[in-house]
A.B. asks: 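Below you will find the structure I want to go over with you.
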Amino acid sequence: MDLYRRTLFKILGLTAAGSSLPGCEREVHNLVPYLLPDGDIVPGVANWYATTCQECEAGCGTMVRVMEGRAKKIEGNPTHPVNEGKLCARGQAALQGLYNPDRLQGPLRREGKRGQGPFRPVTWEEGLSEWVEQIRIHAGKSAMVTRPVTGTLASLLTTMMDSLSGRLVMYESTGEQTLRTANHLSFGTQALPHYDLANADYLLSFGTPFLEHWLSPVSFGVAYGKFRQGRPMVRGRFIQVEPRLSLTASNADRWIPLRPGTEGLLAMGIGQVLLRDGLTNLSSSHQASFHRTFSAISLQAISADTEVPQEVITQMAHELSSANAPLIMGGGPAAAQTNGTTTLILINALNVMIGAIGRRGGLQWMEPQDPPVDLANAGLAGERTLMDLAMEFEQGSRTLLHLYRADPLFTLPPSLKFEGVFDHAQFIVSFSPFLDDSTSMADLILPDHDPLESWGDHVRQDTIPVPAWSVSQPVVRPLYDTKPIGDVWLDAAHRLGGSLGERVPWHTFHDLLKSRWQAVLTKHDSPRSFETRWKETLQEGGLWPSTIPHHQISPAIPSITYKPPQFLGNSSDYPLYCYPYPSLGLHDGRGANRPWLQELPDPLTTGIWGSWIELNPTTAQSLGIHPGDRVRVTSDYGSIEASVMMFPGLHPDMIAIPMGQGHRAYGRYAKGRGVNPVVLLGPNYDEQSGSLATGGTRVRVERIKGGSQLPMLEQSGKNPVFGNLQETGGL
Amino acid sequence: MPQNADTAERHVVLGFFDPTTSLPPVLDQIRNQGIPDIFMEILSPLPLETALLNKPVRIPLYRLTIIGGIVGIGVGIFFAAGTALLFPLVTGGKPIVSIPVVGIISYETMMLMAIAVTFVATAINIAFVQQSGLRNDPRIDEGSVGLSIQVGNDTAKAHSISRLLQQAGASEVEIRTIASDS
Amino acid sequence: MTDRPTVWEEMPKINRDLLAPLQTTTWTYFLWVGVLSCLVAAGAGAWTFQIQTGIGQTDLHHPIFWGSYIASFVFWIGVSHSGTFISGVLRLTNAEWRRPVTRLAELMTVVALLVTALFVFYHLGRVWRFYYLIPYPNQRELWPNFRSPLMWDATAIFTYATASTIYIYLPLIPDFALARDRIHGWRKTVYRWLAIGWHGSQAQWRTLEMAIRIITPLIVMVMISVHSIVGFDFGMALVPAWHSTIFAPYFVVGAVHSGLGMVMIGLYVLRKVYHLHNYVRTEHFEKLGKLLLVTTLLLAYMYFAEQLTVWYGKVPDHIAVQHSLLYGAYAVPFWFMVSCIYVIPLLTLVWPRFRQWPVGLMIVGLIINIGMYIERMLIIVPPLAHPRLSFQWDEYFPSLIEFVILVGTLALALLLYSLAVKFVPVISIWEEKLGKKHAPKR
Amino acid sequence: MSQDLQATKEYSTKAASSYKWEMVVDLDRCSGCEACVVACHAENNIRISGEKEASEGRAINWIRIERYWEGDYPDVKVKFLPVMCQHCDDAPCEPVCPVYASYHTPEGLNAQVYNRCIGVRYCGNNCPYVARQFNWFDPHWDEPLADQLNPDVSVRSGGVMEKCTFCVQRIRSGKEVAHKEGRRVRDGEITPACVQSCPTAALIFGDRNDPDSRVSHLTKSRRGFHLMESLGTHPAVTYLRRLSE
């Protein structure tokens, strides 16, 4: 150990000398005296580079600390409007994507049967020419499934797929497709509003996991801090309604559990009370239609169905009306039912009733902006769209599949039969930097750089008060023989030649990026040269106006009828609702190859490095199940086995399972660990948005032989008693 | 008996007595031969209850013990207080020189030094003091009492003492001659 | 002179009897030593493995940072109190019956102390840096921190080890001389050195007796301080149920309790193996049995006082530990321990007839030692397993590596003792003779 | 005595100091999102324990979010308590170390000198906050994960105790900068990794000797309390009570 630091310095010093990175670096060769306390060590000098986090779609601005040519730490960019200098666990763990031991180190060609490997390293020339050859063979029959991308890369991919008459599908399992659909129907705009939590004084949230992964968790985190303690004399009050006490719910002043899928009904009840007691400030023209919509079901029936007492419903309505700046949000599990869109429309209508639209501390939209770079016009796809794609492959109208950082084989339930795409596709190319479950089915892998090695940009024009146009820059030299996906597509365009080559005359993605930004920067700020402005933009991490006018929305609340949620599986065979939820660290599974995130305790169960089944203790008792017992969870579509954790904050008719584990591939930390709960889910959709109702499957739980102690941070979890606080000063 | 003219010789007369024999009269006879108590020694397999010989004690052992103890206290104070003052690091809000600690450490080092010094003094006493130049005789431990008399290089005296012992009832008498500087 | 001729006449027989173990060795002895050596080798292998791979080979984990090694450390220190207590306290009180027992007990002291020191090394996370504990200034002119109870411990144990080695050696000098004259071969040379020219002169006897008289009270004081300081290791800590004033005296009494139990075993086994019935008589067992009864009652009284205070005070931190003992995760070992060290000794030793039965007393000694070992574990583990932040509550059970090391070390102790028996007369020959001389005729 | 040694002695022992580093944890802001945990791992080269060691209760966290359940369904409440080394002024862990691996700096930090530590683990027992973490084995990073390691922070070998340092390397470099510019460290200029990352700004760090620092103001808050105040350890971390109905 004593020598480790010295050798580290030595090694890093050498690599730094060869580094081509911008900025001057001072090499540090101090020998650190053996017995010197750490406080005495004079640290070396580090450089910080601004870039953009790409771990989720929020697009937080980051600063990467680079010493001796190695990225050391990622922190939030203090000036960035999304995250204001803060960063979540997943964003910080992006370093373990860069330095992941299981990264693909160069292009690979499949040798054996598809899906069984082995892969043979090939040169880029071999790989690219084979791929271009395949594009030619499958002319007009290309398709690409990618994680959601924005900005220049999105426009390049769109252009390319357009030119090849291909189909571009951006998919994200937690893409809140339902929310977008509901908002479109309610407010007539594609853009999501900015929920002005920081200035609200009362928050009623229907299931939104805004402190975990919903939309932009870091900006919500920042706002939540202000909501609670950021203003003198005002402390925001927060009510969360959902069947499982999530991390977000655990922060609420009051958690109101209800029967899964009845969030819309509860919203209807609250609206009913608001209307009944004349607590809305709706225009008289609206009154009638609202009355029609909200009085369809009696409060008594609502209370019985939701299991929320009438007086609680009334109380919530009165609290909403007496608050100065109440705010209502809906999403997460509330949207993950067959009636998700309806539920969210009802919630939106409640926001209209309390006058939250466009209000400070309410829902705000910014004036539509002319983005500096194209917004992707492909948009996000729901599961239905993927099913359409699968159909096209089955019919043979699509034969060439491209994958980019999307793992549909892992994130989609097998009951959706998406693996048919992999059976029918004649050739599969993946640009993913890891051998994930889907990429291991590929014929050719052309691995992308890590985001920390790449140029790029990110456009964010909703859910925050001002638009954020962020840039990413390489902060370290590429570790391996990988190529950025943009370069690869441009190369392909030139190889394919013809009009395509003319449409994209750039040779590298960096050139393309700069040319896009040249247009913007010269437009926004003329006097100085582009190069100066570009460098400043890179230093700052992007471009964002300080303020922007609000866009006035006139809500169009459609007259809707409440639909009860539909569940797959009858209640006698399958008595329990199944709720798979994205894990805080691993999210939908993409974090599973980062040891930091595997070792990051789930905040509520404190489980690490594995999967578990959460059961309400009373339910467990009635089933004769004890903590740590192994159980089998079965639905009509599949079954999984895992150990049980007691979870007092769970609706007794429900089980919850974290997502993110159960990979068949994806590197040493993820492979074969835990179970993937999506195998339980049946093809149950919210028809309006076309997204999968992940909460719409029923299951049964039975105890099986065995049982093992789950790795947990909480040691007392090994005892059947739950921890209680002692001497913490009345915490 | 080998004789060596180059070195001075000493004669030791050793008589073995039955333990029931009363020794004081014998000792008196030897004293009358002009041999002082310091040249006599009684060997026994057990400590005898009464001191039959009158020999001066140079330094009482307990005094050395006390000196050792005092030195030990000094060592303890140095360890517990001195070393802390040499590099005064604060730990847990405790004083640099904590009196109870000094007490505990000094107590232990005091005991250590006292016992060690006592032991060393004892060992030196046993090993070197008043050596008669005789090895232990196994017969003593078999149940007899030995009386040894150093007579210097006076061979005639040795023989007369030897006779005297035989007359006094010694079961066996030996005269041993030892090269004094060997 | 009031000597009884019989004592003097018996001397050749006493010499023969008591030196016999040194002179004759049976094949069973070699077998025994062979088996022990294998166990020791296994323990050494396990320790090597632990050093190579890390202290994590134990089942220790936070917040239970101390476990079986420290428990064994405390246990063996306790065993070491047998010799000092019996020969020291009984010598001070002039209890004549001590004579055949002292040497055997003192030998236990020395062996137990050697073993005790080993446990400190097993326990260290970086044992290869053990010398940081030695009081000398390092490169940065920093000495060890004597404010740490562990340094008190180190000082005290060093003192105790030195003192008890001296204390067993001094009365051995005449016996070494005896052996020197009667045993041949390489051992003769060693005995010659160790006998430092002893020839039984009155001057030597006087010096020796004086030295023993001076050292005896000192070593009793050291003994009490040593186990008090071991108790302080726990008492000084803020850990719930450790932070208690009774720990120092409780540890001293507990040590004597297990030490006496161990002497009972040793006495019985040695008497049986070396046919020492003439020297170790039922009378000795009975006396030891009475002492054991006293320590049982004393220890039970202290334990009760300790637990009663916790129970009545109802401080949540402490009560959590007590609950885990009385009816929680540690209830089974706790009640087993209570039976072993309090109930069984009390119910048996109160019967005068039982105290006449050496086999029974030996078994009680064994039970007490098993119980005391568990008691050491229960002193250390449950409080650590119940820190004030209940989020961190945990359990602990020694790992296989720990067991192998513990067994290997027990074997080492037995081996050292067995080897010592071949080198040192287990009954102090001259003291036995002296005792016979003083004893009234039957 | 060499100059270097002289400097060390002065640094570790000089009586009066111009800074006193303290932290405030606002439980009303803390959402339990654990961004601090990863930030700490990244900054301080905290080992990756892996599933086996983690299941043995040996995962190392310098800061952890303790979660306490209260009540039964449906009136269940959860309380989060971020616990890190409290840098007690009268730290129970410090005096028990026989080799001075743990000591108190004049700036109020509870320092742990890894190279001195021999792993007796007494300090770990004696910390009522269970803040001290032990390396039961040598750490291991699969290549090239070790490229991420922070060169300002030592990698701890097996057999060594470690714990939160308040990111002493950041304090040190912040002080260097201030010293070069001939001024005191400004409030908020030095942020430990956890404080820097905390989205809800539940963690606040600063100089208690500066009466205008945020930490100085917040510690006087009526919501303030110390963990296990009755033990008299005088922690440098002040918690602000979470408000509830």
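So that the names make sense, note that chain A is the first sequence line, chain B the second, and so on, each numbered from 1.
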A.B. asks: So Y69(C) and Y122(C), would you call those rings parallel, tilted or perpendicular, with 30° and 60° as cut-offs?
C.D. replies: tilted
A.B. asks: Could you tell me whether the side chain of S102(D) reaches within less than 4.5 Å of the side chain of N110(D), counting heavy atoms only?
C.D. replies: yes
A.B. asks: Sort D59(C) into side chain, backbone, both or neither according to what part of it lies under 4.5 angstrom from a heavy atom of chain D.
C.D. replies: backbone
A.B. asks: Going by the side chain to side chain donor-acceptor pair (under 3.5 Å) test, name the single residue among R156(D), R58(D), R47(D) that passes it with N135(D).
C.D. replies: R47(D)
A.B. asks: Kindly say whether T58(C) contributes a backbone atom to a donor-acceptor pair with the side chain of Q50(C) at under 3.5 angstrom?
C.D. replies: no
A.B. asks: Is chain D contacted by the side chain of W143(C), its backbone, both, or neither, given a heavy-atom distance below 4.5 Å?
C.D. replies: backbone
A.B. asks: Between M161(D), R64(D), E53(D), R132(D), which has the largest tally of heavy atom pairs under 4.5 Å with chain C?
C.D. replies: R64(D)
A.B. asks: Under the 3.5 angstrom rule, does the side chain of S399(C) hit a backbone N or O of Q57(C) as a donor-acceptor pair?
C.D. replies: yes
A.B. asks: Under 4.5 Å heavy-atom distance to chain D, tell me which part of L384(C) shows up: side chain, backbone, both or neither.
C.D. replies: side chain
A.B. asks: Is Y131(C) in contact with chain D via its backbone, its side chain, both, or neither, using a 4.5 Å heavy-atom distance?
C.D. replies: neither
A.B. asks: Using a 4.5 angstrom heavy-atom cutoff, name the option from C97(D), P92(D), C93(D) with the most pairs to chain C.
C.D. replies: C97(D)
A.B. asks: Among V83(D), I60(D), V120(D), who wins on heavy-atom pairs under 4.5 Å with chain C?
C.D. replies: V120(D)
A.B. asks: By a 4.5 Å heavy-atom criterion (distance strictly below it), what part of L238(C) contacts chain D: side chain, backbone, both, or neither?
C.D. replies: both
A.B. asks: Out of D138(D), V96(D), N125(D), N126(D), which one racks up the most heavy-atom pairs below 4.5 Å with chain C?
C.D. replies: N125(D)
A.B. asks: If you count heavy-atom pairs under 4.5 Å with chain D, which of L60(C), D233(C), L150(C), L124(C) comes out on top?
C.D. replies: L60(C)
A.B. asks: Return the option, out of C127(D), C117(D), G158(D), A59(D), with the maximum number of heavy-atom pairs under 4.5 Å with chain C.
C.D. replies: C117(D)
A.B. asks: If the test is salt bridge (Lys or Arg N to Asp or Glu O under 4.0 Å), which one of R242(D), K79(D), K77(D) qualifies with E70(D)?
C.D. replies: K79(D)
A.B. asks: Is any side-chain heavy atom of T116(C) closer than 4.5 Å to one of Y160(C)?
C.D. replies: no
A.B. asks: In terms of relative ring orientation, are F65(C) and W136(D) parallel, tilted or perpendicular, with 30° and 60° separating the classes?
C.D. replies: parallel
A.B. asks: Considering only heavy atoms, which portion of I70(C) lies under 4.5 Å from any heavy atom of chain D: side chain, backbone, both, or neither?
C.D. replies: neither
A.B. asks: Is L378(C) close to Y330(C) at the side-chain level, that is, under 4.5 Å between some pair of heavy atoms?
C.D. replies: yes
A.B. asks: Identify which part of F232(C) has an atom lying under 4.5 Å from any heavy atom of chain D, answering side chain, backbone, both or neither.
C.D. replies: backbone
